[in-house]
2 protein chains.
Amino acid sequence: MHARGAGAGSRVTLQTVADVVGVSRATVSNAYNRPERLGAELREQILDAARQLGYPGPNPAARQLRLGRSGMVGLLFTEPLSYAFSDPAAVLFLGAVARECETANAGLLLLPSPPNSDMARTLRGAVVDSMCIYSMPEDHEAVQAVMERQLPTVFVDQPRIRGTAFVGVDDRHGGRLVGEHVTALGHHNVGILTPRLLADDYVGPVGDDRLAASTFRIFKERFSGIRDALRHGPLPDVRITTQERNNTPEDGEAGAHVLLDSEPRPTAILGLTDQLALGALRAARARGLSVPGDLTLTGFDDIPEAATSDPPLTTIQQPLVEKGTAAGRLLLDLLQGGPAKEEMLNIRLLVRESSGPAREG
Amino acid sequence: MHARGAGAGSRVTLQTVADVVGVSRATVSNAYNRPERLGAELREQILDAARQLGYPGPNPAARQLRLGRSGMVGLLFTEPLSYAFSDPAAVLFLGAVARECETANAGLLLLPSPPNSDMARTLRGAVVDSMCIYSMPEDHEAVQAVMERQLPTVFVDQPRIRGTAFVGVDDRHGGRLVGEHVTALGHHNVGILTPRLLADDYVGPVGDDRLAASTFRIFKERFSGIRDALRHGPLPDVRITTQERNNTPEDGEAGAHVLLDSEPRPTAILGLTDQLALGALRAARARGLSVPGDLTLTGFDDIPEAATSDPPLTTIQQPLVEKGTAAGRLLLDLLQGGPAKEEMLNIRLLVRESSGPAREG
DNA sequence: TTGAAAGCGCTACCAG
DNA sequence: CTGGTAGCGCTTTCAA
């Protein structure tokens with residue numbers, strides 16, 4: 001009873017068209033896929049007949065079964081797929097991957113990874129030639145499910161699995177750069193704003209155990225890098241307060257308020273992402289705190305907004321677009337049987353106006 | 001010679017696993033797809049064997065050929081796919097579609113539509129159950145190619161084809177609202193900044209013929225709406241100058257400069273998108289023109305940046321997210337055999353600070 | 001609860 | 001340049 005094609009009753013296939021025109025299936029197939037192997041005239045005749053019969057063209061599933069490839073690349077992204085579109089860093093990355101796919105005429109299949117039910121089933125059913133896993137926690141069952149499919153896979157940011165293609169940056173180094181920057185400015189009372197470190201709903205300060213158990217490698221590293229720099233820097237007794245939240249400006253704002261309520265009030269707040277730092281900026285403004293006069297703020301990622309905020313954000317610049325391009329290219333390379341390379345991209349500290357010397361206190 | 005699965009030589013299929021365990025293919029299939037039809041013990045045994053053999057799970061293409069559906073939704077977007085990720089309106093839309101797909105556990109396949117070569121082929125090969133066409137020019141060959149596949153399809157913004165599912169807004173009405181707003185403010189010398197009206201590389205003023213020939217319905221309507229309001233408003237002899245460009249802030253800026261160079265200088269510039277208007281804002285700033293003191297600026301879409309710009313932009317608010325949600329839902333509905341509805345969403349004029357009375361001159 | 005058989009629609013091969 | 005043939009790997013009856 002389903003609404004099927006237009007009219008005539010049974011399904012129309014390559015065979016139907018072949019019968020009508022009076023040629024064989026193979027010839028009709030060629031008309032679509034190998035135009036040069038055919039008289040232009042015959043080809044037109046076949047295509048016309050197909051049009052008239054309402055033939056939707058060679059069935060993609062059948063074609064793939066036969067061919068063994070699909071021309072599609074899959075992409076798996078942290079938790080809610082829709083979130084990918086609200087995170088500027090992710091958008092930049094996705095755009096670059098998309099551009100690469102486009103040049104190869106490959107489709108990009110965005111896969112959902114809700115913690116829920118049968119995501120494993122969806123993943124198993126995805127018709128793709130290769131996969132990109134973008135910033136997933138190591139222990140996510142989707143990662144497992146994808147690995148089992150034994151597709152050429154490139155991991156971006158996390159997890160990082162030996163022997164698999166990987167694109168990322170040295171996040172710990174980035175953390176260290178930030179830490180050194182703020183200690184050099186004389187801050188010995190700093191707050192850290194971090195996104196989720198584990199796949200749960202915890203909100204609050206980060207204990208050592210939690211950090212150690214973190215399955216979000218990149219944030220764990222950024223965090224550790226900062227902490228190392230603070231602890232082993234020139235300043236004795238740096239006081240560190242922390243808040244863990246979702247990676248949104250809203251959560252950054254809320255977390256910053258908590259941090260700013262603690263006594264003594266931090267003179268610097270380091271966001272592990274720009275999103276978080278931008279939220280902290282709003283919190284500072286809401287309290288009438290001048291940045292960097294009363295409060296130093298730093299981010300991580302260098303999303304476009306970091307440059308246009310007021311004041312512009314001191315941050316770690318990582319090549320978001322390049323990351324996507326590298327991932328896309330690796331994806332395409334793997335399809336050609338290329339090797340599983342690891343690409344570590346460069347980062348650097350970008351000192352803008354949101355950080356300054358600690359006010360004497 | 002291709003790098004295939006790990007080791008043993010020939011490919012491992014359902015049959016291989018069945019043979020090893022000593023059951024039939026059907027049973028192994030059930031182990032994956034109908035766990036309840038199986039002893040838990042046997043099931044484990046099968047899954048273990050599969051793991052050991054390196055069986056990647058039921059081949060998706062084969063499964064789809066058999067099943068006749070894929071659980072994937074396709075999305076086709078104007079020209080370069082990568083552009084989709086740089087246009088805030090598109091990102092918002094995509095995010096919402098993605099969210100809907102996610103709830104249904106459907107994958108979202110982003111299809112490239114480069115004007116180039118064999119896009120038609122890619123389109124024919126895309127394994128999807130339904131398609132969303134987002135803001136494509138009417139005459140794009142991809143639209144044709146998709147139609148031929150006879151998939152349940154929903155069109156968003158354009159083209160609008162009778163009898164097909166559609167989501168959009170009354171763009172002409174929006175244009176009219178903008179036009180009325182500026183004439184009410186006493187502007188009789190206005191510039192219009194429009195995105196591409198035809199799929200070519202033209203840059204410059206828009207002639208009547210070009211407008212008439214436009215295949216980008218929404219911009220044509222916005223433009224016409226504005227023009228009608230200006231011509232038939234309370235002010236006699238409104239002077240209109242126009243510039244057509246790509247839909248980016250950079251192009252908006254360049255276009256605005258051209259407009260501002262004309263004599264007499266327009267007292268209002270109306271962007272057919274916020275992107276363009278935001279670019280015009282930069283141009284105004286570069287020239288030391290105060291907005292809205294020296295120049296009134298309006299946009300269209302109400303992307304997030306429109307609210308945070310300085311000054312905030314007077315614009316037509318259209319429900320970008322809702323649009324995506326509606327499209328996503330329609331897509332999913334069509335899959336269930338639902339009817340091809342048309343959804344017209346509401347828009348309204350949002351008067352913010354970028355528009356003001358025309359300075360006497 | 002399990003197994004045997006029947007295709008799903010297509011394209012590559014190879015012979016004409 | 002064209003056509004016949006042989007599966008690609010799976011799921012689903014139906015019968016045991």
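Order of the sequence lines fixes the chain letters, A, B, ..., with proteins taken first and strands second; residue numbering starts at 1 for each chain.
Here B/Thr27 pairs with B/Val23, B/Ser24, B/Leu38, B/Leu42, B/Ile46 under the side chain to side chain contact (heavy atoms under 4.5 Å, CB included) rule; sequence neighbours left out. Qualifying salt bridge (Lys or Arg N to Asp or Glu O under 4.0 Å) partners for B/Glu342, counting only residues two or more places apart in sequence or in other chains: B/Arg160, B/Arg162. Applying the salt bridge (Lys or Arg N to Asp or Glu O under 4.0 Å) test to A/Arg217 and every residue at least two apart in sequence or in another chain returns A/Glu221. Judged as a side-chain hydrogen bond (donor to acceptor under 3.5 Å, both in side chains), and not counting sequence neighbours, A/Glu138 has no contacts. In this structure, B/Asp201 has no salt bridge (Lys or Arg N to Asp or Glu O under 4.0 Å) partners at least two apart in sequence or on a different chain. Applying the salt bridge (Lys or Arg N to Asp or Glu O under 4.0 Å) rule to B/Arg25 yields no partners; only residues at least two apart in sequence or on another chain are considered. Not a single side-chain hydrogen bond (donor to acceptor under 3.5 Å, both in side chains) links A/Asn30 to another residue, sequence neighbours left out.
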Protein-nucleic acid N or O pairs under 3.5 Å, nucleotides 14-16 of chain D:
none

Can you pull every protein N or O that's under 3.5 Å from an N or O on nucleotides 2-5 of chain D?
| residue | atom | partner | partner atom | Å |
| --- | --- | --- | --- | --- |
| D/dT2 | OP2 | A/Arg37 | O | 3.4 |
| D/dG3 | OP2 | A/Thr27 | OG1 | 2.4 |

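Within residues 47-70 of chain A, the residues approaching DNA chain D are A/Leu65, A/Arg66, by heavy-atom distance under 4.0 Å.
If you check every strand for non-hydrogen atoms under 4.0 Å, B/Arg34 touches sugar and phosphate atoms only.
Pairs engaging residues 21-64 of chain A under the ring-ring contact (aromatic ring centres under 6.0 Å, His included) rule: A/Tyr32-A/Tyr55 [sequence neighbours left out]. For residues 35-45 of chain B, no residue pair satisfies the salt bridge (Lys or Arg N to Asp or Glu O under 4.0 Å) rule, not counting sequence neighbours.
Between A/Ser29 and C/dT11, a side-chain N or O to OP1/OP2 separation shorter than 4.0 Å is present.
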